[in-house]
Amino acid sequence: MNSAFRIPKSTIEVRVVPFLDLTRQHTKIKSEILSATQRVYEKGRFILGEEVSAFEKEFSHYCGVRYGVGVGSGTDALYLALKAADIGEGDEVITVANSFVATALAVSFTGATPVFVDIDPKAYTMDPNSLELLLKRQKTRKSGQKIRAVLPVHLFGHPADMDSIMEVANRYDLVVIEDACQAHGATCGRRKTGSLGAMGCFSFYPTKNLGGYGDGGMVVTDDYQYNQKLRLLRCYGERKKYEHILKGHNSRLDEIQAAILRVKLKHLDQWNEERRRKAGLYTKMLSPLGVVCPSEKKEARHVYHLYTIETRKRDALQAFLKKRRIETLIHYPVPIPLEKAYQEMGYRKRDFPLAYQWSRNILSLPFFPELKESEMEEVAQRIEIFIRGKRS
Ligand SMILES: Cc1ncc(COP(=O)(O)O)c(C=O)c1O
């Protein structure tokens, strides 16, 4: 071929549709973030100062409860909330088979045992019927351990069926701790996730709907006693300087993260609205193709931390999209009880038929408030080409 007809490599456009690009958000709020962090540097206080207490007030108020306790991560929020409820060795905590592994790890860290139930096939959150069934059977179980708490997860930003879960838990006198790590600003009826159980746990990992620029977390609660105990637990059990009244930990949200999160909290509702609008657009483009799109239950307000579709040809579709530089992820490929880390519990696939089947079909598409509509169209077009078997 005559070299005059070759397209020089540098002019070939390599378009990638990113799964998530946080720099787009940062660019928009850069000056606000820089002045907030500057404020912290100038004050020279980096741990448990004014920024953390202001953010605790602002975020707990946002959630509709009285107290917020800033901690080091979402995992720590769950762990410390369980400890505040006196959960430990000899106890069992019921949670859901399909979540990020941290949900179960937090239970294990306390010395208690996580017990898993299957998911609701529509909202992929804890199935209240499976919960009730497990509790009815508890008398005949031989573990010798006592079920003390329920830990539902508001997965992908969709609230679990809290009315039913609370009703069952109250009947069995169990404390409910919400894993709201993926659901900042979601609502169940009129109430925000995190405000429905005894305590609600949040992660501020950078990719979350409300994410910092590092690790961070918070427990929110309306209960004064839990609030007090959590404050001790996160800081060496210290009541006042060098007076330690219990064996606490060191897990604190830091001042710089709190200052950043205070800026970002002001934008959260607008970002969540944009997520909802974009989720609607994807669904409009994808559901005519026969792809199962996320749905929203009555009474629930989904905040689409992730946009996850279901298809039986998941692996082939993911490979097809990868070749076309469209990034996707699987949340999560293996239900927690079937993970190696929990193999000693002896669970089998048939113990969680819905969670297992679901884990094989799900695929999370590129999704974040700043994703361009042209990128979403490209994703949808590629999926259509894959489904209709056209060449591209
Ligand atoms: C459902 C759920 N629970 C707990 C966690 C743990 O949060 P962190 O990563 O802040 O420890 C996460 C974080 O990804 C999560 O998605």
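Sequential numbering from 1 along the given sequence is applied to the chain's residues. Just so you know, ligand 1 is whichever comes first in the structure, and atom 1 is the first atom listed for that ligand.
Of the charged side-chain nitrogens involved, none lies within less than 4.0 Å of a carboxylate oxygen, so that E378 and R324 do not count as a salt-bridged pair. A salt bridge links R231 to E56: one of the charged nitrogens lies within less than 4.0 Å of a carboxylate oxygen. Between E255 and R45 there is no salt bridge, since no side-chain N of the basic residue sits under 4.0 Å from a carboxylate O of the acidic one. Looking at D86 and R148, no side-chain N of the basic residue comes within less than 4.0 Å of a carboxylate O on the acidic one, giving no salt bridge.
Between the CZ atom of F202 and the CG atom of D179 there is a distance of 9.5 Å, given to the nearest 0.5 Å.
Scanning the protein heavy atoms around atom 16 (O) of ligand 1, the nearest turns out to be Q182 NE2, 2.8 Å. Of the protein's heavy atoms, D179 OD2, 2.8 Å lies nearest to atom 3 (N) of ligand 1. Among protein heavy atoms, the minimum distance from atom 12 (C) of ligand 1 is reached at F100 CD2, 3.6 Å. The protein atom (non-hydrogen) at minimum distance from atom 8 (P) of ligand 1 is G74 N, 3.5 Å.
Annotation: side chain of E178 is in contact with side chain of L196 (closest heavy-atom distance under 4.5 Å). Residues P288 and E384 form no side-chain contact, since every pair of their non-hydrogen atoms from C-beta on lies 4.5 Å or further apart.
Heavy-atom contacts of S203 reach the following atoms of ligand 1: 7 (O), 8 (P), 10 (O) (cutoff under 4.0 Å). Close approach to K208 involves these atoms of ligand 1, each under 4.0 Å from a residue heavy atom: 12 (C), 13 (C), 14 (O), 15 (C), 16 (O). The contact set between ligand 1 and S99, taken as ligand atoms under 4.0 Å from a residue heavy atom, comprises 1 (C).
Residue A102 has no nitrogen or oxygen atom sitting less than 3.5 Å from a nitrogen or oxygen atom of ligand 1, judged on distance alone.
The parts of T75 lying near ligand 1 are both backbone and side chain, judged by heavy-atom distances below 4.0 Å.
Between G217, G211, C181, it is C181 that holds the heavy atom closest to atom 15 (C) of ligand 1.
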